[in-house]
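Remember, it's 1-based here, ligands and their atoms both numbered in the order they're listed. Treat the numbers as computed from the prediction; the structure is a model and nothing was measured. Positions are given from 1 along the sequence.
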Amino acid sequence: MEKDIARIVVNEEQIRNKLQELSKTLIQDYKDKDCTIIAILNGSLVFLADLIRLIPFSIRLDTIDASTYGESTFPKGETRIIRNFKIDIEGRHVLVVDDIMDTGSTLKRVLEDIGQFNPRSLKSCILLNRLSRRRDGFRPEYCCFGIGDDFVVGYGLDYNNKYRNLPYIAVLKDECYRREGLKA
Ligand code: IMP
Ligand code: MG
């Protein structure tokens with residue numbers, strides 16, 4: 001995979017440090033609450049796995065499978081919930097975890113869905129924020145890194161379902177997108 005990397009955007013140490021910082025905030029905010037985390041698959045998997053192991057109290061966990069991009073770097077518009085969560089969240093403090101907020105359509109759609117089940121509180125936590133693509137002022141409560149317009153991979157994020165297992169966040173060389181014939 002390394003030969004395909006043009007540049008690293010966020011390295012392993014930066015991720016580790018930021019997750020420590022984020023976990024301290026979450027511990028403070030949720031220590032007396034019965035926290036339920038709902039993660040959006042597949043992109044949030046690596047972030048989720050590292051983050052929850054920094055939380056010293058018990059949390060409840062479930063996942064949602066949502067898709068907007070399919071096999072390209074350009075959003076296809078409509079966000080589809082492919083598999084919904086099964087856990088009971090009525091009256092619970094719910095934290096939604098996702099990899100990246102781009103246009104915001106995935107997260108907003110998921111928050112709307114979850115909101116209908118009457119959680120006591122509903123907040124969102126994302127690894128990456130691409131603010132330039134936001135048409136409204138929507139901001140998640142917890143966010144690790146702001147990033148630019150380049151499509152990124154690694155630490156859970158994919159291109160064509162590849163590169164999720166890179167331990168850092170990177171931009172691929174142009175020819176990698178071209179090779180796949182799907183560059184936006
Ligand atoms: P949104 O609905 O436009 O906010 O898009 C969010 C979803 O698109 C994320 O959950 C990611 O799965 C995917 N996505 C957006 N930007 C990138 C990127 O740069 N790399 C990989 N996946 C991305
Ligand atoms: Mg996603």
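Among Asp136, Thr103, Asp113, the single residue meeting the side chain to side chain donor-acceptor pair (under 3.5 Å) criterion with Lys108 is Asp136.
Between Gly43 and ligand 1 there is no heavy-atom distance shorter than 4.0 Å. Between Leu107 and ligand 1 there is no heavy-atom distance shorter than 4.0 Å. Proximity of Ile40 to ligand 1 is not established, as no heavy-atom distance is less than 4.0 Å.
Classified by interplanar angle (parallel below 30°, tilted 30° to 60°, perpendicular above 60°), the ring pair Tyr155/Phe47 is tilted. Classification of the Tyr142-Tyr30 ring pair by plane angle, with boundaries at 30° and 60°, yields tilted.
With a 4.0 Å cut-off on non-hydrogen atoms, Leu128 does not touch ligand 1 at all.
Annotation for ligand 1: atoms under 4.0 Å from non-hydrogen atoms of Asp158 are 21 (C). Here is the list of ligand 1 atoms found below 4.0 Å of a heavy atom in Asp98: 10 (O). Listed by atom number, the atoms of ligand 1 under 4.0 Å from Arg130 heavy atoms are 16 (N), 17 (C), 18 (C), 19 (O). Every atom of ligand 1 is numbered from 1 in the order shown, and the set under 4.0 Å from a heavy atom of Gly104 is 1 (P), 3 (O), 4 (O).
Where the criterion is an N or O separation shorter than 3.5 Å, residue side chain and backbone included, Thr103 meets it with respect to ligand 1. Taking distance alone, with nitrogen or oxygen atoms compared against 3.5 Å, Phe151 stays at or beyond that limit from ligand 1. Note: no N/O pair closer than 3.5 Å links Met101 and ligand 1 by distance alone.
Using a 4.5 Å heavy-atom threshold, the side chains of Asp158 and Val153 count as separate. For the pair Ile52/Ile59, a side-chain contact is recorded, criterion being any heavy-atom separation below 4.5 Å from C-beta on.
Under a 4.0 Å N-O distance rule, the pair Asp62/Lys86 does not qualify as a salt bridge.
Between the CZ atom of Arg120 and the OG1 atom of Thr36 there is a distance of 12.0 Å, given to the nearest 0.5 Å.
Between the side chain of Asn160 and the main chain of Lys162, no donor-acceptor pair closer than 3.5 Å is present.
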